[in-house]
Amino acid sequence: MSTNRKSIGIVGARGHTGVELIRLIAAHPALELAFVSSRELDGQRVDAHVPEYRGELRYSSPAHEDLPKLGTDVVILALPNGKAAACVAAFDAAGVDPLIVDLSADYRFDPAWYYGLPELTREKWRGERRISNPGCYATAMQLSIAPLKDLLAAPPVCFGVSGYSGAGTTPSDKNDPDKLRDNLMPYALTGHMHEKEASFRLGVPVEFMPHVAPHFRGLTVTTNLYLARPLRREEVLARFHAAYGHEKLVSVTDDAPWVSHIAHRHHAEIGGFALSADGKRVVIVATLDNLLKGAATQAMQNINRAIGVDECTAVPSP
Ligand SMILES: NC(=O)C1=CN([C@@H]2O[C@H](COP(=O)(O)OP(=O)(O)OC[C@H]3O[C@@H](n4cnc5c(N)ncnc54)[C@H](OP(=O)(O)O)[C@@H]3O)[C@@H](O)[C@H]2O)C=CC1
Ligand SMILES: CC(=O)N[C@@H](CCC(=O)OP(=O)(O)O)C(=O)O
């Protein structure tokens, strides 16, 4: 392994987000993939599953307590919710302190972990070596609401529709193509984790109603916001351009974005900005690829920042 690159490992690399992370790391000039764990693919060549990876690495299945012995500079946890703590505890017990980025919801409310939604929180990073990556819908909701947060007259109401890759690979109704065919499946209509996450992180209550649809990847969040005073459309747009005009991975569009255009792309799109006649209600539409800006790309932004390279290193341009 060349010494000028940081070594990186992925725990839970068989999953949808793990595959995207392998692709991003394979093209990264400052990172070298050192291990990828999967119990199911243990022993198989990585390039047989992710052709973008060129190298000899094979999946492995280390026990949690053996992860610190692998000695990587960076560890990404891409496990289902509730599984990260055992890995984190293994590093703590061994006194080994790599940069850890957790994709699950497990540390999103933990003040000891930096919450990495770069466009909204990058100024708050204080060199933490533990980074909690935001949820996919929670990213879209926060990006949609933050520029108008000071003007809210009521909790924003967010209608979300995700492709079924959002439900991971463990079989369930929400990732069963037969049950999803010609269907739109509502779930967790109050109290979804991302409702709590967006409310907690924005500091205002947010109401969220998720649905899963028959497409594979990409999500839409349509947000209804009641405003405390009337705004003109140009004023709303000016706020979004001021917030995101300089951002490579957030595009502000005039029209409402379509989810079919965002699959496989690394940025979020925010548009629509439909105002009611009295100017006190605005509807905003955000799309992003749940596996990219909603997960792997956002993790890469966070890792890049933490290892001291440009935040968009190895992230293809929108
Ligand atoms: N999918 C999405 O759109 C998004 C997902 N996330 C979060 O990212 C994380 C990963 O998601 P995703 O890639 O979709 O998940 P998947 O279900 O697709 O993959 C999970 C991975 O974890 C491994 N795994 C499963 N159960 C266990 C276990 N009990 N112990 C150890 N390893 C296990 C699986 O491999 P194996 O069984 O072979 O070991 C697999 O590699 C989740 O926490 C999810 O909530 C965040 C944002 C968006
Ligand atoms: C369609 C679907 O099921 N989507 C997932 C969100 C995926 C995600 O961001 O997950 P975490 O917050 O768990 O990391 C869900 O609603 O739970």
Side-chain angles (χ1 to χ4, degrees), residues 9-23 35-44 46 49-50 59-64 66-67 76-87 90 101-109 115-117 132-142 158 160-176 179-180 183-189 191-198 200-201 208-221 259 262-263 268 288-299 302:
I10 305 171
V11 186
R14 171 181 63 83
H16 293 317
T17 60
V19 169
E20 296 300 341
L21 286 161
I22 294 171
R23 289 194 178 116
F35 76 87
V36 287
S37 87
S38 161
R39 299 160 307 174
E40 198 172 303
L41 302 181
D42 190 9
Q44 298 187 34
V46 176
H49 294 272
V50 189
Y59 293 91
S60 59
S61 185
H64 292 153
D66 291 332
L67 291 170
I76 303 175
L77 304 178
L79 297 168
N81 288 333
K83 305 289 178 198
C87 298
V101 178
D102 179 34
L103 264 61
S104 81
D106 295 358
Y107 292 98
R108 293 186 195 146
F109 301 86
Y115 180 77
L117 202 173
S132 176
N133 218 53
C136 49
Y137 290 119
T139 296
M141 287 192 274
Q142 289 175 76
C158 305
V161 180
S162 169
Y164 66 88
S165 60
T169 56
T170 303
S172 73
D173 285 354
K174 289 196 287 152
N175 56 21
D176 181 335
K179 289 184 176 145
L180 287 164
N183 198 4
L184 186 63
M185 203 181 277
Y187 66 101
L189 293 171
H192 188 282
M193 175 67 77
H194 294 193
E195 176 175 283
K196 295 177 187 151
E197 180 184 338
F200 177 70
R201 289 292 163 187
F208 174 49
M209 298 165 295
H211 299 70
V212 62
H215 63 278
F216 182 66
R217 59 196 293 164
L219 63 76
T220 304
V221 172
V259 71
I262 206 73
L288 54 78
D289 186 323
N290 50 296
L291 302 179
L292 297 176
K293 183 60 179 158
T297 302
Q298 192 133 267
N302 287 321

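Numbering of ligands and ligand atoms starts at 1, following listing order.
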| said: List ligand 1 atoms under 4.0 Å from A295, heavy atoms only on the residue side. | reply: 47 (C), 48 (C)
| query | D106 and A85: which non-hydrogen atoms are nearest, and at how many Å? | reply | OD2-N, 4.5 Å
| request: If you have a sec, work out which protein heavy atom is nearest atom 12 (P) of ligand 1 and how many Å separate them, to one decimal? | output: T17 OG1, 3.8 Å
| message | Minimum distance, heavy atoms only, to atom 30 (N) of ligand 1: which one of R39, R14, E20 is it? | response | R39
| said: Is any side-chain heavy atom of N290 closer than 4.5 Å to one of S165? | reply: yes
| said: Can you check which of F208, Y164, Y187 brings a heavy atom nearest to atom 1 (C) of ligand 2? | reply: Y187
| query | If you measure from each non-hydrogen atom of S165 to ligand 1, which part falls under 4.0 Å: side chain, backbone, both or neither? | reply | backbone
| Contact atoms of ligand 2, heavy-atom distance to G135 under 4.0 Å | 9 (O)
| request: Can you pull out the closest protein heavy atom to atom 17 (O) of ligand 2? Residue, atom name and distance to 0.1 Å, please. | output: H192 NE2, 3.6 Å
| With backbone taken as N, CA, C and O and side chain as the heavy atoms from C-beta onward, which portion of L103 lies under 4.0 Å from ligand 2: side chain, backbone, both, or neither? | backbone
| Sequence-distant partners of R14, side-chain hydrogen bond (donor to acceptor under 3.5 Å, both in side chains), two or more places apart | T169
| For ligand 1, which atoms sit closer than 4.0 Å to a heavy atom of S104? | 43 (O)
| query | Quick one: are V259 and V161 in side-chain contact, heavy atoms under 4.5 Å? | reply | no
| said: So, using ring pair (Phe, Tyr, Trp, His ring centres under 6.0 Å) as the criterion, who are the partners of H64 when residues are at least two apart? | reply: none
| task | Give the atoms of ligand 1, by number and element, whose distance to some non-hydrogen atom of K83 is under 4.0 Å. | result | 29 (N)
| field | Any E197 heavy atom less than 4.0 Å to ligand 2 | value | no
| Identify the closest protein heavy atom to atom 13 (O) of ligand 2: which residue and atom is it, and at what distance? | N81 ND2, 2.8 Å
| message | Any donor-acceptor pair under 3.5 Å linking the side-chain atoms of Y115 with those of E197? | response | yes
| note | protein heavy-atom neighbour closest to atom 15 (O) of ligand 1 works out as G168 CA, 4.1 Å
| task | Return yes when at least one protein heavy atom is under 4.0 Å from atom 44 (C) of ligand 1, and no when none is. | result | no
| field | Protein heavy-atom partner closest to atom 38 (O) of ligand 1 - residue, atom, separation in Å | value | S38 OG, 2.6 Å
| query | Nearest protein heavy atom to atom 16 (P) of ligand 1, by residue and atom, and its distance? | reply | T169 OG1, 3.4 Å
| message | Using a 4.0 Å cutoff against the non-hydrogen atoms of C136, which atoms of ligand 2 qualify? | response | 6 (C), 7 (C), 8 (C), 9 (O)
| What's the shortest distance from atom 7 (C) of ligand 1 to any protein heavy atom, and which residue and atom give it? | L103 O, 3.4 Å
| Non-hydrogen side-chain atoms of T297 and L288 separated by less than 4.5 Å | no
| said: To check your reading of the model: name the closest protein heavy atom to atom 40 (C) of ligand 1, its residue, and the distance in Å. | reply: G15 N, 3.6 Å
| remark: The protein heavy atom nearest to atom 3 (O) of ligand 2 is K174 NZ, 2.7 Å
| request: Measure up the F208 and H194 rings against each other and bin them: parallel (under 30°), tilted (30 to 60°), perpendicular (over 60°). | output: parallel
| field | Closest protein heavy atom to atom 4 (N) of ligand 2, given as residue, atom name and distance to 0.1 Å | value | G166 O, 3.1 Å
| field | L189 vs H211 side-chain heavy atoms within contact, under 4.5 Å | value | yes
| message | Give me the nearest non-hydrogen protein atom to atom 10 (C) of ligand 1 as residue plus atom name, then the distance to 0.1 Å. | response | A78 O, 3.2 Å
| field | Contact (N/O only, under 3.5 Å) between R108 and ligand 2 | value | yes
| When you measure from atom 22 (O) of ligand 1 to each heavy atom in S172, G294, P80, which option holds the nearest one? | P80
| field | Numbered atoms and elements of ligand 1 in range of N81, under 4.0 angstrom, heavy atoms | value | 43 (O), 45 (O)
| task | Just say parallel, tilted or perpendicular for the rings of H49 and Y59, cut-offs at 30° and 60°. | result | perpendicular
| field | Among N290, L79, L21, closest by any non-hydrogen atom to atom 23 (C) of ligand 1 | value | L79
| query | What protein heavy atom is closest to atom 10 (O) of ligand 2, reported as residue, atom name and distance in Å? | reply | H194 NE2, 3.8 Å
| message | Applying a heavy-atom cut-off of 4.0 Å, say which part of S37 lies close to ligand 1: side chain, backbone, both or neither. | response | neither
| Identity of the nearest option to atom 2 (C) of ligand 1, non-hydrogen atoms only, from L291, N175, L219 | L291
| task | Output the distance between atom CD1 (I10) and atom CD1 (I22), rounded to the nearest 0.5 Å. | result | 4.5 Å
| query | Rounded to the nearest 0.5 Å, what separation is found between the CG atom of N133 and the CG atom of L77? | reply | 11.0 Å
| task | May I ask you to check whether H16 and F216 place their ring centers less than 6.0 Å from one another? | result | yes
